[in-house]
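Written out below as structure tokens is the structure these notes cover.
Side-chain atoms are counted along with the backbone in the values below, which use heavy atoms only and exclude waters and symmetry mates. Below, read A as the first sequence line, B as the second, and so on, with proteins coming before strands; counting in each chain starts at 1.
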Amino acid sequence: MIETDLEKRISAAAVRLFGKEAAQEARIQKTNNSLFGDYQSNFAMSSARALKRNPREIASALTDELSKEKCFEKVEVAGPGFINMTLKKEYLEEQVYDGIAPAKEISHKGAVIIDYSSPNIAKPMHVGHLRSTVIGDSLKRIFQFLGYQVIADSHLGDWGTQFGKLIVAYRRWLDPEAYKKNPVEELEKIYIRFEQESEKDPGLPEAARKELVKLQNHDPDNLALWEEFVQISLEEYSRLYQELDIHFDTMYGESHYHPLMPDIIRELKEKQVARESEGALVVFFEEEENLHPCIIQKKDGAFLYATSELACIAFRARQYEVNRMVYVTDARQESHFKQVFKIAMRLGWDFELVHVTFGLMGLKDGHFSTRKGNVIKLKDLISEAVTRARQVVDEKNPDLNDTDKKEVARVVGIGAVKYADLSQNRTSNVIFDWDKMLSFEGNTAPYLQYTYARIQSLRRKAEESGLLLPEGNVLDIVNETERTLAISLLQFPYSVHKAAEAYRPNIVAEQLFDIAQKYNTFYNSLPVLKEDEPTALSRLQLSVKTAEVLKVGLRLLGIKTVERM
RNA sequence: GCGUCCGUAGCUCAGCCGGAUAGAGCACCAGACUUCUAAUCUGGGGGUCACAGGUUCGAAUCCUGUCGGACGUGCCA
């Protein structure tokens with residue numbers, strides 16, 4: 001990775017000049033203006049105080065030292081002490097040729113468990129599940145890419161009060177025909193009906209409570225129904241996940257952790273982390289922790305969300321060699337996870353626990369609500385996306401055969417939906433907008449996919465005309481347009497690392513967009529196939545490298561590419 | 001009340017572990033297809049980075065306060 005390479009050189013130079021105490025991190029960054037070279041370091045200004053020297057003096061000494069390095073064309077001091085570096089052509093070409101695959105970090109001890117998507121049984125997945133699902137999936141791919149062992153888990157909501165209601169509703173109102181055709185939707189429908197009728201008939205909630213108790217006591221009839229609900233829901237989710245190309249290693253529901261909860265309660269009591277309060281078992285926090293008390297066990301003995309979460313952590317610790325657990329959920333659950341993480345710490349469980357949050361998805365006029373019936377189902381969103389993409393393919397590329405068009409429509413439509421979520425870093429709420437989510441122009445997945453397809457077409461044309469890339473590096477980066485693209489390509493591996501560090505796929509998305517923009521500028525202004533062979537080959541290789549990065553990068557976002565579109 | 005997050009161009013958002021003239025996309029205006037895919041490219045207009053203080057050589061970025069919005073706040077998940 002070029003950044004670490006350059007940082008190492010700067011650190012080493014600083015140590016040679018100023019001794020060990022200057023070994024502090026030397027951060028470099030890409031310049032925002034080519035007037036200032038390719039990369040800049042602010043080392044001189046940030047370390048001036050510690051070194052008790054004038055920043056310009058430090059900068060100029062460092063500049064002299066760095067000028068000896070063969071990778072720089074030019075190193076200069078500017079302004080109050082910026083060190084501006086321009087890369088040597090050969091170094092740049094070499095880096096682009098074989099430096100864009102991120103260096104895998106080999107020695108990761110233990111697995112990273114990522115917990116995302118997590119739908120509730122008997123409810124169709126809707127757009128509200130989208131962010132967790134695609135962000136989680138992308139993080140999984142990014143961590144795997146960096147050499148981590150990753151376990152992807154969808155933590156199903158398969159236990160709780162809704163099942164009492166569902167059982168009652170099922171026996172009263174189920175439409176067998178509709179159930180056969182679309183089981184999960186029918187379950188949702190009767191659930192809504194239950195909620196509505198409960199307002200008039202207070203007997204209903206009471207009946208539901210009774211059924212719930214029976215279920216919890218393993219009444220065979222209720223248990224069979226519950227299993228049926230779980231089964232049909234899983235079937236539907238699996239279809240959706242398949243379509244989205246999202247795959248889990250485990251999909252344990254809360255019921256899976258239920259048997260473990262009494263042990264958790266015992267441990268919490270033994271270690272005096274929790275204590276009794278108003279009949280319930282509660283964990284209290286310090287004033288400065290700014291957390292509300294967390295109820296572990298209700299006064300009626302029932303367990304709660306936090307209990308289940310703790311049991312889940314304990315289970316994973318026993319089952320795997322864990323290094324880290326990452327939860328991808330919306331921001332509403334932030335304080336819940338803070339509580340759970342604190343409790344885990346007090347129990348002496350030693351993992352890195354991370355909560356990755358994002359804002360809620362809603363509508364212009366308020367929230368999605370199952371009861372209001374204004375939720376947008378994920379299924380519908382996907383099919384609308386594919387339909388719109390198909391229209392564009394028909395229009396733009398009518399010569400494609402039907403099978404290819406179908407494939408392109410799927411890849412582009414789904415890509416657009418995923419990218420719409422992955423390309424932003426919003427912790428504030430987002431408003432759902434069909435046209436925005438299904439845009440195929442500008443900063444979108446189709447733009448990146450189009451750029452890739454264009455290069456593939458170019459490659460085919462090159463092959464047809466007998467222009468073949470030889471083994472080895474034929475890059476000859478001579479003009480500013482090519483150079484700008486090359487530098488952007490070099491940023492890719494670093495962006496993957498940053499994305500992993502910050503749990504933010506949008507960093508990768510942004511880099512890919514920058515690369516694609518620069519490539520398209522290059523493509524529109526510099527011919528490839530019409531040039532003499534050395535130039536043609538160099539530009540072809542630059543194009544092929546770009547395609548490689550786009551493909552790999554899009555895969556990290558869970559987005560596929562097509563060879564023509 | 002308290003806590004968390006947010007406020008950047010007409011709209012949607014990047015940038016936020018401080019760095020040089022604050023960037024994209026959409027929309028708008030003007031251009032580029034007999035030339036490797038125009039889902040593209042080039043140029044243009046458009047900003048008190050909510051407001052007020054503070055720290056700093058330097059603040060959209062860090063700190064404090066104010067205003068505005070969202071969410072969470074003891075027995076749901």
Exercise. On a whole-Å scale, what distance lies between the C1' atoms belonging to B:G3 and B:G44?
Worked result: 47 Å
Problem set entry | Selected nucleotide, minimal atom distance to A:T427 side chain, candidates B:G19, B:C6, B:G15 | B:C6
Problem set entry | hbond_proxy A:E510 side chain to B:A24 base (donor-acceptor, 3.5 Å cutoff) | no
Exercise. How does RNA chain B look in dot-bracket form if you count Watson-Crick and G-U pairs under 3.5 Å, write [ ] for pairs that cross, and put | where a base pairs with another strand?
Worked result: ((((((((.[[[[.)...(...]]]].(((((.......))))).....[[[[[..)....]]]]])))))))....
Problem set entry | Whole-angstrom distance between B:G25 and B:U40, as gauged at atom P | 10 Å
Exercise. Just checking A:D435: base, sugar-phosphate only, or nothing, at a heavy-atom cut-off of under 4.0 Å?
Worked result: nothing
Problem set entry | Touch class at under 4.0 angstrom, heavy-atom based, for A:K299 against every strand present | base
Exercise. Rounding to a whole Å, what distance do you find between A:F337:CZ and B:A77:C1'?
Worked result: 10 Å
For this session: Report the residue from A:Q449, A:K560, A:K418 that forms a side chain to side chain contact (heavy atoms under 4.5 Å, CB included) with A:L554.
Result: A:Q449
Problem set entry | Integer angstrom distance from the P of B:A59 to that of B:A22 | 13 Å
Problem set entry | Whole-angstrom distance between B:U4 and B:U64, as gauged at atom P | 10 Å
Exercise. Between A:K498 and A:E501, is there a side-chain N and carboxylate O pair less than 4.0 Å apart?
Worked result: no
Exercise. Of the nucleotides B:C13, B:U73, B:G19, which has the atom closest to the A:H292 side chain?
Worked result: B:U73
Exercise. Expressed as a whole number of Å, how far does the C1' atom of B:A52 sit from that of B:C17?
Worked result: 26 Å
Exercise. With respect to the phosphate group of B:G74, does any side-chain polar atom (N or O) of A:Q339 fall under 4.0 Å of OP1 or OP2?
Worked result: no
Exercise. Under the 3.5 angstrom rule, does the side chain of A:E211 hit a backbone N or O of A:V168 as a donor-acceptor pair?
Worked result: no
Exercise. Does any N or O in the side chain of A:N429 come within less than 3.5 Å of the main-chain N or O of A:G359, such that one atom is a donor and the other an acceptor?
Worked result: no
Exercise. Can you tell me how far C1' in B:A14 sits from the matching atom in B:U8, rounded to whole Å?
Worked result: 10 Å
For this session: Please figure out whether A:N443 or A:L35 has its closest RNA chain B nucleotide nearer the 5' end.
Result: A:L35
For this session: Using a 4.0 Å heavy-atom cut-off across all strands, classify A:N425 as base, sugar-phosphate, or nothing.
Result: sugar-phosphate
Exercise. If you look at every strand shown and take non-hydrogen atoms under 4.0 Å, does A:R388 touch a base, only sugar-phosphate, or nothing?
Worked result: nothing
For this session: Name the nucleic acid region contacted by A:H155, choosing base, sugar-phosphate or nothing; use a 4.0 angstrom heavy-atom cut-off, strictly under.
Result: nothing
Problem set entry | Presence of donor-acceptor pair under 3.5 Å, side chain of A:R426 and base of B:C13 | no
For this session: Nearest-nucleotide wise, let me know which of A:V282 and A:E254 is further upstream toward the 5' end of RNA chain B.
Result: A:V282
Problem set entry | Distance, C1' atom - from B:C26 to B:G65, rounded to whole angstrom | 37 Å
For this session: May I have the distance from A:R332 (atom CZ) to B:C71 (atom C1'), rounded to whole angstrom?
Result: 8 Å
For this session: Can you check each nucleotide of nucleotides 28-40 of chain B against protein heavy atoms at under 4.0 Å and return B for base, S for sugar-phosphate only, - for none, in 5' to 3' order?
Result: -------SBBSBB
Problem set entry | Criterion side chain to side chain contact (heavy atoms under 4.5 Å, CB included) against A:E463, the qualifying member of A:L469, A:L468, A:L540 | A:L468
Seminar exercise, completed: Whole-Å distance, A:L360 CG to B:G69 P, equals 18 Å
Problem set entry | Proximity of A:F337 and A:Y327 rings by center, below 6.0 Å | yes
Exercise. Separation of A:N84 atom CG from B:G19 atom C1', in whole Å?
Worked result: 11 Å
For this session: Give one of base, sugar-phosphate or nothing for A:S277, where a contact means two heavy atoms less than 4.0 Å apart.
Result: base
Exercise. Once you round it to whole Å, what is the distance between P of B:A77 and CZ of A:F303?
Worked result: 12 Å
Problem set entry | Pairing of A:E278 and A:K299 as salt bridge, 4.0 angstrom limit | no
For this session: Indicate yes or no: does A:E384 engage A:R388 in a salt bridge with an N to O separation below 4.0 Å.
Result: yes
Exercise. Between A:Y191 and A:F194, does the ring centre distance come in under 6.0 Å?
Worked result: no
Problem set entry | Pair A:Y252 and A:F315, ring centroids less than 6.0 Å apart | yes
Problem set entry | N or O in side chain of A:R56 less than 4.0 angstrom from B:C57 OP1/OP2 | no
Exercise. Heavy atoms under 4.0 Å, any strand shown: does A:D158 hit a base, just sugar-phosphate, or nothing?
Worked result: nothing
Exercise. Hey, does A:Q517 reach any base, or is it just sugar-phosphate, or nothing, if we go heavy atoms under 4.0 Å?
Worked result: sugar-phosphate
For this session: Please check the phosphate of B:A20 (OP1 and OP2 only) for any side-chain N or O of A:N32 closer than 4.0 Å.
Result: yes
Seminar exercise, completed: To the nearest angstrom, the NZ-P distance between A:K338 and B:G72 comes to 15 Å
For this session: Answer yes or no: is there a donor N or O on one side and an acceptor on the other, between the side chain of A:T31 and the main chain of A:G37, under 3.5 Å?
Result: yes
For this session: Report which part of the nucleic acid A:I295 touches: base, sugar-phosphate, or nothing (heavy-atom distance under 4.0 Å, all strands).
Result: base
For this session: Give a yes or no on whether a donor-acceptor pair under 3.5 Å exists between the nucleobase atoms of B:A14, that is its base, and the side chain of A:D514.
Result: no
Problem set entry | Distance in angstrom units between A:N42 CG and B:U61 C1', rounded | 14 Å
Exercise. Does the aromatic ring of A:F513 sit over the six-membered base ring of B:A24, closer than 5.5 Å centre to centre and tilted less than 30°?
Worked result: no
Exercise. Got a sec: does the CD of A:E288 have more than 12 other heavy atoms crowding it under 6.0 Å?
Worked result: yes
Problem set entry | Distance (rounded to the nearest 0.5 Å) between A:K165 NZ and A:R209 CZ | 9.5 Å
Exercise. What interatomic distance, in whole Å, is found between C1' of B:C51 and the corresponding atom of B:C13?
Worked result: 22 Å
Seminar exercise, completed: Separation of B:G18 atom P from A:F82 atom CZ, nearest Å, is 13 Å
Problem set entry | No-H, no-angle donor-acceptor pair, A:S428 side chain to B:G69 base, under 3.5 Å | no
For this session: Would you say whether A:F36 stacks on B:A20? The test is a distance between ring centres of less than 5.5 Å and an angle between planes of less than 30°.
Result: yes
Exercise. For A:A78, which contact category applies under a 4.0 Å heavy-atom criterion: base, sugar-phosphate, or nothing?
Worked result: base
